[in-house]
Amino acid sequence: MKKEMSKTYNPKEVEDKTYAYWQEKGYFKPEVNPDGEPFTIVMPPPNITGQLHMGHAFDGTLQDVLVRYKRMDGYSALWLPGTDHASIATEVKVVDKLREEEGKTKQDIGREAYLERAWDWAMTYKTRITDQLKKLGASCDWSRERFTMDEGCSHAVNEAFVNLYEKGLIYKGSRIINWCPTCKTALSEAEVEYAEQQGHLWHIQYPLADGEGYLVVATTRPETMLGDSGVAVNPEDERYSHLVGKNVILPLLNKEIPIVADDYVDMNFGTGAVKMTPAHDPNDYEVGLRHNLEQIRVINDDGTMNELAGKYQDMDRYDCRVAVVKDLEDLGLLEKIEDHQHNVGECYRCGTTVETLTSEQWFVKMEPLAQPALDAVRNRETEFIPDRFSKIYYNWLENIRDWCISRQLWWGHRIPAYYCGDCGETIVAKEAPTICPKCGMSHITQDEDVLDTWFSSGLWPFSTLGWPENTADLKKFYPTSVLVTGYDIIFFWVARMIFMGILEMGEVPFKDVYIHGLVRDSQGRKMSKSLGNGIDPLELIETYSADALRFTIITGNSSGNDIRWQDEKVEASRNFLNKIWNAARFVLMNLDEDIMDKSEIALAHLENTDKWILSRMNTIVQEVNHNMDKYELGIAASKIYDFAWNEYCDWYIELVKPRLYGDEDKTKISAQYTLRVVLDTILRLLHPFIPFITEEINSYLPGTTGDIMVAKWPHFNEAYVFAKDEKEVVFLMEAIRSIRNIRAEMDVPNSKKTQLFMISANKERLALMKLSLHYFQKLASVSSVLAITQEDVQDNYVSAAVEDLELYINLDELVDKEKEITRLETEKKKLEQEIERVNKKLSNKGFTDKAPEKVIAGEREKQRKYQETIQKVLDRLDYFNK
């Protein structure tokens, strides 16, 4: 005997209990379908720097929907979870905690003690993130969970580094990089955020060395002129063509530097003459290489000026700027200063303005790696969904510079490079050497730096599966099926995984890259701490349920586009859950326990309404499968929602209710069977989106032999193709809708029955209408259905047309004319008073000049609605008075 469903759905009683049950049963493991085709997603690992935000909830829900769908469809589905150690972000957090709680720096306690604290932090937040993902309903295989700094991933990092080094693709050298003077480390492109700042453009006179005048250059950073080694002009610029090859005197340092011609220079920016500081600007660096200009670094790692800056040595870079500008003014070399707004790079963690400077670092040669990665996407070995994002990928790889992979931090994968203190030999090895292979001495120290976080995450699709060991998981689940990620890290992460996968595994790491947008606030702004507009997904789960949050995220989603968060949407999702619960409860209260054993009888006595809903269900199943396979998850969810709410709950259940009450109706079994079959299919289709409530309802269904999470996914069924019946019922529904509209317009209560007259040359149509009287009685308050001729139509009949059928209702049966006129006259007076009030308000200049625009707009909307309503009242009065 099945237990009875409670009157209301309580997610707090269901969700944690159900999740624990799924884990206990081992449903999250791919071994649930051991013989199925592999389907693999590796989770983009969240940083261990805090708790999950809405972006994680969005990304995680999309992945869970896909993996649950594939698992139900018989695939050996693996969703492999993990977290990222996030070198800089975590180091900032741990250093801050150390300072606040112990009043110490990391140098005070030493590397070993510092790393103990960092590991404590990592394990605390790693556990917290895992628990949060479980609250969301993430069906990850937690037995395979990975961390970018666990033993296996660390082994993979060393293997990859050594492989690249031995292939000549990793080298140590001095090149231009991004540098944070506060964190005192190199930064990747992903760790630099650009903000628009109000600055200036200083126009400085550089005297010509031959005494024949001067050249004016414009710069946003006058302090870096102390490191100038040239001035560049465009070779097509006729203003300066006669000066190319000559020298100018560098002001303040009084040394000669050359004038060179280079296409890089924009003739329309500033004066068209650009100072070249190869050690402090990435573009100047490239120009300097082309023209053999000296690299003169004048700024220290801490943002102060060094000895090459002359008398400005030891000044802070911004104090130096003030001093340089004053000295130029005193010398009469500052021609003018213009206001100038420009994008300035800032460290994404501490907000310090980033310096670009030359520094000795470890680099990866990108050109040999970029080309195979470009070819893989062009040849569609890997496809971007939507395809437009492949252009961003192409653009980055086609213009890529060598990748700086070393970071001056303690938390992270320490670079596997060792130096002999006796002979200076550099040894790159997977394991720490004990003696120098060159001189045989043992005074060996490891490189102090750690690797860029993106290096380890670039290996993520295969290091998580056991690489470099040839594990069973690696053989079965690589390459993975799809990567789900936001558009903001296409080149930072996606490109790196592709070229590292091709290099180490010989093939791309995933077939598809499903790109989603960002979750923004209701005003379209990016959620951030500074704006205070962030939303905690755990609070939403507590208030509305995990299912409601998931369904809201999905139904608002289309691939590649941002979504705006609105509380009204999550409330609507909760209402949908309640609708499904109440419908299921009604259906289950009216089902025989053995209904699934009566399928033969049921199928032999199906009515047209049964065939209609089965046929519609079949179509929805086909469409949803198509949408899911094309990653149109939002469209799929909306189609299931519309079918479940509008067609199943609002129409079919209402249509069959009379057949459920009493045993004399021989089609009762057919109605019960159809209700059960369609409800079961709806629950299966909804399960990937709202897993908790669907599993709970499924546990009550009569004839259920297993859990819905591992139930068979619905597919198109030829037995449920009923085109003729579907067409008939759609027609009947439209007729019922037309009658309801007439009654609503006339404000007639449902308790008031009326005759329905009809005219049509189509005899089959008339017969169908008569046979369907019970539907019209139940759903349109019709007492009888009668066929008439055109001559029978009276003046007091109101009409509606549905295809080739004319419908008529006797108005006198519905409305007491005199009472209705009295009511309408009263309503008219009220509306006239409201219109007068709002018109007076809007014609008052004092109100329109002082009131907020939002308030004024509200009054105008009221004015529009009142005028619209009174016109309907006047039309009705006119009708009745005639």
Side-chain angles (χ1 to χ4, degrees), residues 42 44 156-157 159-178 186-192 263-264 282-283 285-287 289-290 356 358-359 361-407 415 428 451-463 467 478-480 483 485-513 515:
V42 289
V157 165
E159 180 84 14
F161 187 97
V162 173
N163 289 352
L164 285 161
Y165 183 80
E166 289 176 350
K167 287 180 170 72
L169 294 171
I170 281 183
Y171 65 93
K172 192 174 188 181
S174 181
R175 292 179 63 89
I176 196 88
I177 60 156
N178 296 308
L187 302 173
S188 71
E189 306 97 319
E191 291 149 353
V192 178
D263 290 332
Y264 156 70
N283 296 309
Y285 178 83
E286 298 298 334
V287 173
L289 292 178
R290 289 195 288 271
T356 47
T358 50
S359 176
Q361 302 283 344
W362 288 92
F363 294 89
V364 174
K365 286 183 184 175
M366 285 308 306
E367 193 175 339
L369 295 171
Q371 194 55 53
L374 281 165
D375 293 341
V377 175
R378 286 188 178 125
N379 297 336
R380 307 193 84 78
E381 294 168 53
T382 291
E383 296 187 50
F384 281 84
I385 298 132
D387 182 61
R388 68 179 185 272
F389 288 104
S390 59
K391 292 171 187 165
I392 298 172
Y393 174 86
Y394 295 146
N395 184 59
W396 187 67
L397 283 176
E398 287 166 352
N399 297 282
I400 199 165
R401 295 190 176 106
D402 285 358
W403 171 20
C404 175
I405 56 170
S406 46
R407 299 289 179 268
I415 290 175
V428 172
L451 283 163
D452 176 14
T453 301
W454 297 104
F455 189 91
S456 55
S457 55
L459 313 176
W460 191 245
F462 47 97
S463 65
W467 184 87
Y478 189 92
T480 65
L483 174 75
T485 189
Y487 60 64
D488 49 341
I489 55 171
I490 289 171
F491 36 86
F492 299 140
W493 187 41
V494 178
R496 289 186 170 102
M497 284 190 286
I498 291 176
F499 66 65
M500 292 299 282
I502 293 170
L503 179 77
E504 299 294 1
M505 297 295 297
E507 58 184 322
V508 294
F510 25 72
K511 176 69 180 76
D512 295 329
V513 181
I515 302 291

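Scanning for salt bridge (charged side-chain N to carboxylate O under 4.0 Å, His left out) contacts around K172 gives D447, with sequence neighbours left out. Take N399 and apply the side-chain hydrogen bond (donor to acceptor under 3.5 Å, both in side chains) test, not counting sequence neighbours, and it matches N395. Evaluation of the ring-ring contact (aromatic ring centres under 6.0 Å, His included) rule for Y393 yields F384 as partners, not counting sequence neighbours. Evaluation of the ring-ring contact (aromatic ring centres under 6.0 Å, His included) rule for Y171 yields F363 as partners, not counting sequence neighbours. With sequence neighbours left out, the side chain to side chain contact (heavy atoms under 4.5 Å, CB included) criterion links S457 to D84, W454, W493. The side-chain hydrogen bond (donor to acceptor under 3.5 Å, both in side chains) test applied to E166 returns no partner, not counting sequence neighbours. Applying the side-chain hydrogen bond (donor to acceptor under 3.5 Å, both in side chains) rule to Q361 yields the partners S359, S406, Q408; only residues at least two apart in sequence or on another chain are considered. By the side chain to side chain contact (heavy atoms under 4.5 Å, CB included) test, R290 pairs with D262, Y264, E286, V287, sequence neighbours left out. With sequence neighbours left out, W362 forms a ring-ring contact (aromatic ring centres under 6.0 Å, His included) with F161. When the side-chain hydrogen bond (donor to acceptor under 3.5 Å, both in side chains) test is applied to W396, no partner is found at least two apart in sequence or on another chain.
Side-chain contact between L369 and I400 is absent, with no heavy-atom pair separated by less than 4.5 Å. Contact check for N178 versus E191: no side-chain heavy atoms found under the 4.5 Å cut-off. Looking only at side-chain heavy atoms (C-beta outward), I515 and P386 come within less than 4.5 Å of each other.
From Y285, atom OH reaches atom CZ of R175 across 4.0 Å, with rounding to the nearest 0.5 Å. Considering CD1 of I385 and CG of L483, their distance stands at 10.5 Å, rounded to 0.5 Å. Expressed to the nearest 0.5 Å, how far CG of L451 lies from CD1 of I405 amounts to 5.5 Å. In this structure, CD in E398 is found 12.5 Å from NZ in K391, a value given to the nearest 0.5 Å. Here CD of E367 is found 12.0 Å from CG of L397. Values are rounded to the nearest 0.5 Å.
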When the side chains of residues 496-513 are checked against the rest of the protein, which donor-acceptor pairs come out under 3.5 Å, sequence neighbours left out?
{"residue": "R496", "atom": "NH1", "partner": "F492", "partner atom": "O", "Å": "2.5"}
{"residue": "R496", "atom": "NH2", "partner": "E189", "partner atom": "OE1", "Å": "3.4"}
{"residue": "E504", "atom": "OE1", "partner": "N163", "partner atom": "ND2", "Å": "3.1"}
{"residue": "K511", "atom": "NZ", "partner": "E383", "partner atom": "OE2", "Å": "2.9"}
{"residue": "D512", "atom": "OD2", "partner": "Y631", "partner atom": "OH", "Å": "2.7"}

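None of I415, V162, V428, V364 except one satisfies the side-chain contact (heavy atoms from CB on, under 4.5 Å) rule with I170; the exception is V364.
With salt bridges taken as basic N to acidic carboxylate O contacts below 4.0 Å, none links K365 and D402.
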Take S188 and R407, measure what side-chain contact (heavy atoms from CB on, under 4.5 Å) needs, and give me the verdict at the end. CA-CA 9 Å; S188 71; R407 299 289 179 268; 3.2 Å; yes
